[in-house]
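Here is the structure we will look at.
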Protein chains: 2
Amino acid sequence: MRKRRPTIIDVAERAGVSKSTAARALAGAESILDETRERVLAAAKAVGYERNHLAVGMRSGRSGMLGLVIPDITNPFWADVARGALDRAAEADVSLLVFSSDWDPAKEESHLRALRRARVDGAIVNPVSDALDDLDKFGLPFVLIGSSAERFADVSSVGSDITQAVELGLDHLVSKGHHAPTLIVGPKSRLARTRFLNAVQRHSIKRDVDPAQLIVEDGEYTLEGGRLAMLRLLDRPRLGHICVFAANDMMAIGAMMAVRERGLRCPEDVSILGFDGIPSGAFTFPGLTTIAKPGRDIGARAVESLFDEIEGRPEHGRVYMPCRLIDRASLADLSREPRKLAG
Amino acid sequence: MRKRRPTIIDVAERAGVSKSTAARALAGAESILDETRERVLAAAKAVGYERNHLAVGMRSGRSGMLGLVIPDITNPFWADVARGALDRAAEADVSLLVFSSDWDPAKEESHLRALRRARVDGAIVNPVSDALDDLDKFGLPFVLIGSSAERFADVSSVGSDITQAVELGLDHLVSKGHHAPTLIVGPKSRLARTRFLNAVQRHSIKRDVDPAQLIVEDGEYTLEGGRLAMLRLLDRPRLGHICVFAANDMMAIGAMMAVRERGLRCPEDVSILGFDGIPSGAFTFPGLTTIAKPGRDIGARAVESLFDEIEGRPEHGRVYMPCRLIDRASLADLSREPRKLAG
DNA sequence: GTGAAAGCGCTAACAG
DNA sequence: CTGTTAGCGCTTTCAC
């Protein structure tokens, strides 16, 4: 039997004013006698008053809560996004309701319903289902995040700048003397594959290397997928050093394992560049050179955009956050040695 | 300008019944004509009614929300805990408000206040400040998690079973022929250090090895801390193979790096056993053998306990969740070779 | 079995 | 500058 929490009435009574005066004082309104305000504030502190946000939300239509629906908080990238969102939200003194969709449309839908029932003021979601199409009639301000958000035109969304990232990676590669990297990309069905491939091709043309000559292997976006792809690559006839640009860090690490499995060495025999910036990349041997997605920034920017959306000044476009290179040890420096054929 | 959300009144009108009847039908009450219930349910679906949890919470005193305050969602262990809690909560159809304390007492306090204002039904927190002492007067059902929770007697808490974990590790070590591991532990000030050390000592005595002969190095609970400790260890005069049991995976990985740095090899020259079970351990070379804390189970169990607490059937004790061994490749098998001096 | 009415704690007119 | 009043949407007596 917990004792009743003090309400604004308790505060008002103790301060000898009316409910509304107390409310105004608590809200820090201007039109109030300094002396009255202080009396109310003192009373509030004395009784241990804490504003009931349920009641506030009910009356004002603002719950002070935001929803965040991401696939898996256990995945380092999404954890990073969540952290960014959490921090930015805390700054603005709003709370975040977090949910894991597990890439399951059914869960996503059920979580979205939960958010609506909770009367959150808006939601940030990495969409898995296409059913989010009629987002407008969803009755909730939205900001989409991640690459899957690009399917939805005219909804605010934020994600990494793949084009810039690929350019960054490719530039770094040529600075190390690698002019036409072999690509390990995701499965054919995935949108991300196309986007990655396109960016590489576009950039290759700019650098006068024929995209058609780029070797491409694909596999699942997993350790094993990368390992298998690398094994296949190693089975091909090849000449000298080989340089691999993997579309994600897990695949890159898998590739690294395949190299060791075949008795070869990284970076001496094969150079590997990853993409994601997962923490584990710091602990592989050699350390994985990779280009990191700005998860935290994405999360923070998403709540920022969501605030805009809620305030009624929507941008309704995609924001691309820049990636950065993490230079570790998985790339050989060939720039001082004789150039290879390509490039 | 978003259109007004349908309320229970809209449902009632459409079904041709009163507010209260509609409410009863929606709540699935017994005392209602089947026919009426169906009419109401149909009406609810027709108008797209979704219960307003703010209003429910206000009236019933149950917000259907729980709070989770952990140091850093970006830390794999805490992400795992969060995941467990998220899943269990979703199962019970309650939402989770998540906050990062960053080991900062000020943030912790402010988050706790936010939770109270949000009128969560209870909170799960990894306590950083000692000020949580008067938890009773906090006006909120609590379940504490993690090792720092052990400071608070007579509050429900759940954490890993360090004793069982150490026993598991030590047993595995002897099965591989290592009888008196060198310990790399945390800084003197930390409670966790003592607990770890105690467990090792207790178990050593049981196996007839004198705890006093165990070599102990300490350092920060970080990569660098582990590296430095290992370097110091390597500087000591030693005979043959050395086996290290690190109190956390980061330190273990740091130690591994130090070994390589000195031109030695793991596991041929030094065996390393970690403690935590972070994902990165799978990607080191060699893969880190470690004992994994059941983060997810801890999170799930914590919301379970919290439900009990809320329902008014508190256990008020600590629950210890068992750890498990992940056997990878950082331990040499000396069991077939001549025994070492110790043990 | 169903309806009418009260009230959870708060804010926002509207008076004074 | 401050008080009074009317709800926000829902559940819950208490009647009928």
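Lettering of chains follows the sequences in order, A, B, ..., and the numbering in each one begins at 1.
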| query | Heavy atoms under 4.0 Å, any strand shown: does B:Arg51 hit a base, just sugar-phosphate, or nothing? | reply | sugar-phosphate
| query | Just how far, in rounded Å, is P of D:dC8 from CG of B:Leu54? | reply | 15 Å
| message | Without decimals, in angstroms, what is the distance between B:Glu13 CD and C:dG3 C1'? | response | 14 Å
| said: With a 4.0 Å limit, can you tell me whether A:Thr7 has a side-chain N or O closer than that to the phosphate oxygens OP1/OP2 of C:dG9? | reply: no
| message | Can you tell me if A:Thr21 touches the phosphate of D:dC1, counting only side-chain N or O atoms and a distance under 4.0 Å to OP1 or OP2? | response | no
| Whole-Å gap separating P (D:dT5) and CD1 (A:Ile9) | 14 Å
| Whole angstrom value for the distance that separates P of D:dC8 from CG of A:Asp121 | 19 Å
| task | Using only heavy-atom distances, decide whether a donor-acceptor pair under 3.5 angstrom links the side-chain of A:Lys19 to the base of D:dT4. | result | no
| message | Base, sugar-phosphate or nothing for B:Ser20? Non-hydrogen atoms, less than 4.0 Å. | response | base
| query | Should the pair A:Lys107 and A:Phe99 be classed as cation-pi, given the thresholds of under 6.0 Å to the six-membered ring centre and 45° from the axis? | reply | no
| Between C:dG7 (C1') and A:Ile8 (CD1): distance, integer Å | 17 Å
| task | May I ask you to list the residues of residues 55-67 of chain B, by number, that have any heavy atom positioned under 4.0 Å from an atom of DNA chain D? | result | B:Ala55, B:Val56, B:Arg59
| message | Is it true that B:Ser101 and B:Asn126 share a donor-acceptor pair across their side chains at a distance under 3.5 Å? | response | no
Review item, side-chain donor-acceptor pairs of residues 55-68 of chain B, under 3.5 Å, at least two apart:
unit_1: B:Ser60; atom_1: OG; unit_2: B:Val56; atom_2: O; d: 2.7
unit_1: B:Ser60; atom_1: OG; unit_2: B:Arg62; atom_2: N; d: 3.3
unit_1: B:Ser63; atom_1: OG; unit_2: B:Met65; atom_2: N; d: 3.3
unit_1: B:Ser63; atom_1: OG; unit_2: B:Arg119; atom_2: O; d: 2.6
unit_1: B:Ser63; atom_1: OG; unit_2: B:Asp121; atom_2: OD1; d: 3.4

| query | Taking atom P of D:dC10 as reference, at what distance in whole Å does atom CG of B:Leu26 sit? | reply | 9 Å
| field | Separation of C:dG1 P from B:Leu33 CG (nearest whole Å) | value | 7 Å
| query | B:Val128 and B:Asp104: side-chain contact (heavy atoms from CB on, under 4.5 Å), yes or no, with the steps? | reply | CA-CA 7 Å; B:Val128 352; B:Asp104 175 351; 6.0 Å; no
| request: Tell me which of A:Arg24 and B:Gly16 sits closer to the 5' end of DNA chain C, going by the nucleotide each one is nearest to. | output: B:Gly16
| query | How close do A:Pro294 and A:Ser160 get, heavy atom to heavy atom, and via which atoms? | reply | CD-CB, 4.2 Å
| task | Starting at atom CD of A:Glu38, determine the distance to atom P of D:dC1, rounded to an integer number of angstrom. | result | 14 Å
| task | Identify whether NZ of Lys or CZ of Arg in B:Arg318 sits under 6.0 Å from the centre of the six-membered ring of B:Tyr320 and within 45° of that ring's axis. | result | yes
| query | Looking at side-chain heavy atoms only, is the closest gap between B:Pro105 and B:Glu109 below 4.5 Å? | reply | no
